[in-house]
Q: 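Handing you this structure, nothing more for now.
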Protein chains: 2
Amino acid sequence: MIKNDYIPPVYIQIRDILIDKINSGEFKKGNQLPSEREISETYKISRMTARSALTQLVEMGYAYRVKGKGTFARLPKINRDFVNLCGFSQMLKSKGIKPGNKVVKLGILEANKKIASLLETTIGTKVYEIVRIRYGNNIPLALEFSYLPVRLFNDLFRYDFEKNSLYKVIEEKYEYKLKYAKQWIRITTLNSSESRILKVKENTPAFLLESITYDMDDRVVEATRSLNIGERTTFYTELWPNSEK
Amino acid sequence: MIKNDYIPPVYIQIRDILIDKINSGEFKKGNQLPSEREISETYKISRMTARSALTQLVEMGYAYRVKGKGTFARLPKINRDFVNLCGFSQMLKSKGIKPGNKVVKLGILEANKKIASLLETTIGTKVYEIVRIRYGNNIPLALEFSYLPVRLFNDLFRYDFEKNSLYKVIEEKYEYKLKYAKQWIRITTLNSSESRILKVKENTPAFLLESITYDMDDRVVEATRSLNIGERTTFYTELWPNSEK
DNA sequence: AGCTTTAAATGGTATATACAACTATACCAT
DNA sequence: ATGGTATAGTTGTATATACCATTTAAAGCT
């Protein structure tokens, strides 16, 4: 169907080789990775391409550079105790809270300006909309809007998102490997319909989470907008210095 | 004193020119920026250097790329990057925002239950209190309370924290190497005195940030409580899949 | 032994070039 | 009207080369 003979760019291939070696322990935390020139010789590629691969590692948190010394392995950024890439349910479960899910709307719509800009596509593009209420121990926590380009997901609605995690479907059924997500967090207040759905009073302060999820080819596969009731939400995160040591 | 003859690399200069044009509204959100080739011709630089400048914009959230179409402006709000420990001022600087600082209170007090538990010490321990207003481009952004154990910092108040970064003093003058910080984020509303200090109206929604900073020996060197005006703050973070599992 | 100088290795910046992949448009043939 | 083709413009990938700045270690000198 669509590119079943797809070969990733060289710098991505080298990146993945190095990631494997870090994950397998061949390069341990703090170990020096092969230099740019060294990599270019081993794989018979140009130094700039080797550098691109290393840049990828740095961006993904697998390495850091020190001028004049070298590039060093690091285990990727720790603790996204934030709503993380494994999804909402799994995060709550890890805290011993019973997750819940109710789909309140499913549909296909044409991207307006806002959604188009989040999905980095053009206005009018067809997108799936999934609206869910998120529960923790049966208490409403958040109202979540998910948007996915129709062209990437054929017949998405055959899956039941009260039973299946959206991320699982994306990764296992459609085989998009998710790389990372960008997330912005703001404060807002709930309007009348939002507060009615979540059964709290109008103008309740809430976190507004907007996130964009990218796959390994840096395509936007999903955009979400989530309203988390302020008084029922605490985010926890750990901050580390940029270059570790 | 600090390298007044420093000339930034070309791609940084071009980056800053473009950021200025985005901030000034010459390029509005969604507008197409000059193409890589166009930039390289205007400034008489190579295309790859122009590309580096645009890559910087993308990484800083000022732009996004669409293959085959072009690079488009996007207007980041004041973002707080989670993934660093470098402190408030440096964070704003890296986004091209002029940081500001006003100390509104300096003192030594005895830890109450709350502060004692944050600093992992006993009630009654002597602690420095530093209260500061944080500005970005001269607009009040946050009210920040810092607490440090007196026993770790001899004569701390000889330093001027409107001129010196607290983290710099801790690391350079007292030579504590900072390892990491834990941070909790909640929503609150400003009470009358807080809102008066920040010059906003009472009950304005705000982020409540509480953090604890550890040094290399896992001693708590600082605890902070920060009230960030909700409508002037956006947190930005990147989420990566957990390496475990 | 202790110091300075030199050289090698590393990442950082910059140029020039080429082709691939994708988008939008114009134009033409059916 | 529909579909194909050509073309120009864009970002994406890749090569080859050059020089700079920083770090480290070896070499040389006093």
Side-chain angles (χ1 to χ4, degrees), chain A residues 2-3 5-16 18 27 30-59 62-74 116 119-125 149 151-152 179 214-220 242-245, chain B residues 3 5-16 18 27 30-59 62-74:
Chain A
I2 305 178
K3 333 187 205 179
D5 58 344
Y6 173 68
I7 299 169
V10 177
Y11 75 99
I12 297 285
Q13 296 178 42
I14 307 289
R15 175 197 77 184
D16 290 340
L18 293 171
F27 298 118
N31 283 172
Q32 182 165 6
L33 299 176
S35 75
E36 298 172 355
R37 288 173 178 84
E38 215 170 322
I39 293 175
S40 78
E41 285 162 19
T42 348
Y43 298 99
K44 309 273 185 276
I45 57 175
S46 77
R47 186 190 149 205
M48 290 310 283
T49 303
R51 186 172 167 78
S52 297
L54 287 175
T55 300
Q56 289 276 312
L57 291 194
V58 171
E59 282 177 2
Y62 278 98
Y64 62 95
R65 291 198 246 241
V66 183
K67 189 198 281 195
K69 292 182 72 175
T71 306
F72 301 86
R74 173 165 81 167
L119 289 177
E120 293 174 4
T121 179
T122 52
I123 297 176
T125 305
R151 69 170 190 285
L152 295 180
K179 188 162 97 178
Y214 294 83
D215 76 351
M216 286 298 172
D217 300 325
D218 283 310
R219 281 179 301 210
V220 178
N242 278 334
S243 55
E244 203 126 326
K245 255 175 210 165
Chain B
K3 299 201 212 178
D5 57 344
Y6 173 69
I7 298 170
V10 177
Y11 75 99
I12 297 285
Q13 296 179 41
I14 306 290
R15 175 195 79 182
D16 291 340
L18 292 171
F27 298 118
N31 283 173
Q32 183 165 7
L33 298 175
S35 75
E36 299 172 354
R37 286 179 178 83
E38 213 169 325
I39 293 174
S40 77
E41 284 161 19
T42 346
Y43 298 99
K44 307 272 184 279
I45 57 175
S46 78
R47 188 194 143 202
M48 289 311 281
T49 303
R51 185 172 167 78
S52 297
L54 286 175
T55 299
Q56 288 278 312
L57 291 194
V58 171
E59 282 175 3
Y62 277 97
Y64 62 94
R65 293 198 243 242
V66 182
K67 191 197 282 195
K69 292 184 71 175
T71 306
F72 301 85
R74 137 162 105 183

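For the numbers below, each heavy atom of this structure counts, side chains included, while hydrogens, waters and symmetry mates do not. As the structure is a computational prediction, the values presented were derived from the model and not from experiment. Residue numbers start from 1 in every chain, and the chains themselves are labelled A, B, ... in the order their sequence lines are given, proteins ahead of strands.
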Q: Give the dot-bracket line for DNA chain C from 5' end to 3' end: parentheses for intra-strand Watson-Crick or G-U pairs under 3.5 Å, square brackets for crossings, | for inter-strand pairing, dots for unpaired.
A: ||||||||||||||||||||||||||||||
Q: Just the rounded figure in Å: distance from P of dG12(C) to OH of Tyr64(A).
A: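 Those two atoms, OH and P, are 13 Å apart.
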Q: With sequence neighbours excluded, what pairs up with Ser35(A) under the side-chain hydrogen bond (donor to acceptor under 3.5 Å, both in side chains) test?
A: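 Once residues adjacent in sequence are excluded, Ser35(A) has no partner under the side-chain hydrogen bond (donor to acceptor under 3.5 Å, both in side chains) criterion.
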Q: Run the side-chain hydrogen bond (donor to acceptor under 3.5 Å, both in side chains) test against Thr49(A) and tell me which residues pass, sequence neighbours left out.
A: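 Expected list: Ser46(A).
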Q: Mind checking what makes side-chain hydrogen bond (donor to acceptor under 3.5 Å, both in side chains) contact with Thr55(A), not counting sequence neighbours?
A: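 With sequence neighbours excluded, Thr55(A) shows a side-chain hydrogen bond (donor to acceptor under 3.5 Å, both in side chains) to Arg65(A), given in chain and number order.
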Q: Does Lys67(B) have any side-chain contact (heavy atoms from CB on, under 4.5 Å) partners at least two apart in sequence or in another chain, and if so, which?
A: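 Counting only residues at least two positions away or on another chain, Lys67(B) forms no side-chain contact (heavy atoms from CB on, under 4.5 Å).
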Q: Enumerate the residues from residues 41-52 of chain A whose closest heavy atom to DNA chain D is under 4.0 Å, giving them by residue number; use none for an empty result.
A: Ile45(A), Ser46(A), Arg47(A), Met48(A), Thr49(A)
Q: Could you list the residues that satisfy side-chain contact (heavy atoms from CB on, under 4.5 Å) with Gln13(B), not counting sequence neighbours?
A: Ile7(B), Pro8(B)
Q: Checking side-chain contact (heavy atoms from CB on, under 4.5 Å) for the pair Arg74(A)/Tyr62(A): CA distance, chi angles, key distance, verdict?
A: CA-CA 5 Å; Arg74(A) 173 165 81 167; Tyr62(A) 278 98; over 6 Å; no
Q: With side-chain contact (heavy atoms from CB on, under 4.5 Å) as the test, would you mind laying out the steps for Leu54(B) and Ile14(B) before giving the verdict?
A: CA-CA 9 Å; Leu54(B) 286 175; Ile14(B) 306 290; over 6 Å; no
Q: For Arg65(B) and dC22(C), give me the distance from atom CZ to atom P, rounded to whole Å.
A: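 Between P of dC22(C) and CZ of Arg65(B): 16 Å.
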Q: Using ring pair (Phe, Tyr, Trp, His ring centres under 6.0 Å) as the criterion, list what pairs up with Phe72(B), not counting sequence neighbours.
A: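 With neighbours one apart ignored, the set is Tyr64(B).
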Q: dG9(D) P sits how many Å from Phe72(B) CZ, rounded?
A: 16 Å
Q: What residues form a side-chain contact (heavy atoms from CB on, under 4.5 Å) with Ala63(B), not counting sequence neighbours?
A: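 Applying side-chain contact (heavy atoms from CB on, under 4.5 Å) to Ala63(B) gives Leu33(B), Leu57(B), Val58(B), Thr71(B).
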Q: To the nearest Å, how far apart are Ile39(A) CD1 and dT15(D) C1'?
A: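 About 17 Å, once rounded to whole Å.
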Q: Judged by atom type as modelled, is there a donor-acceptor pair below 3.5 Å linking the side chain of Gln32(A) to the main-chain atoms of Lys69(A)?
A: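 Side chain of Gln32(A) to backbone of Lys69(A), a donor-acceptor pair under 3.5 Å: yes, one is there.
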Q: Check nucleotides 5-10 of chain C for protein N or O atoms closer than 3.5 Å to its own N or O atoms and list the pairs.
A:
from, atom 1, to, atom 2, distance (Å)
dT10(C), OP1, Ser35(A), OG, 3.3

Q: Which residues pass the side-chain contact (heavy atoms from CB on, under 4.5 Å) test with Asn31(B), sequence neighbours left out?
A: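 Here the qualifying residues are Lys28(B).
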Q: Distance check needed: dT15(D) P versus Tyr11(A) OH, whole Å only.
A: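 One finds 13 Å between P of dT15(D) and OH of Tyr11(A), rounded.
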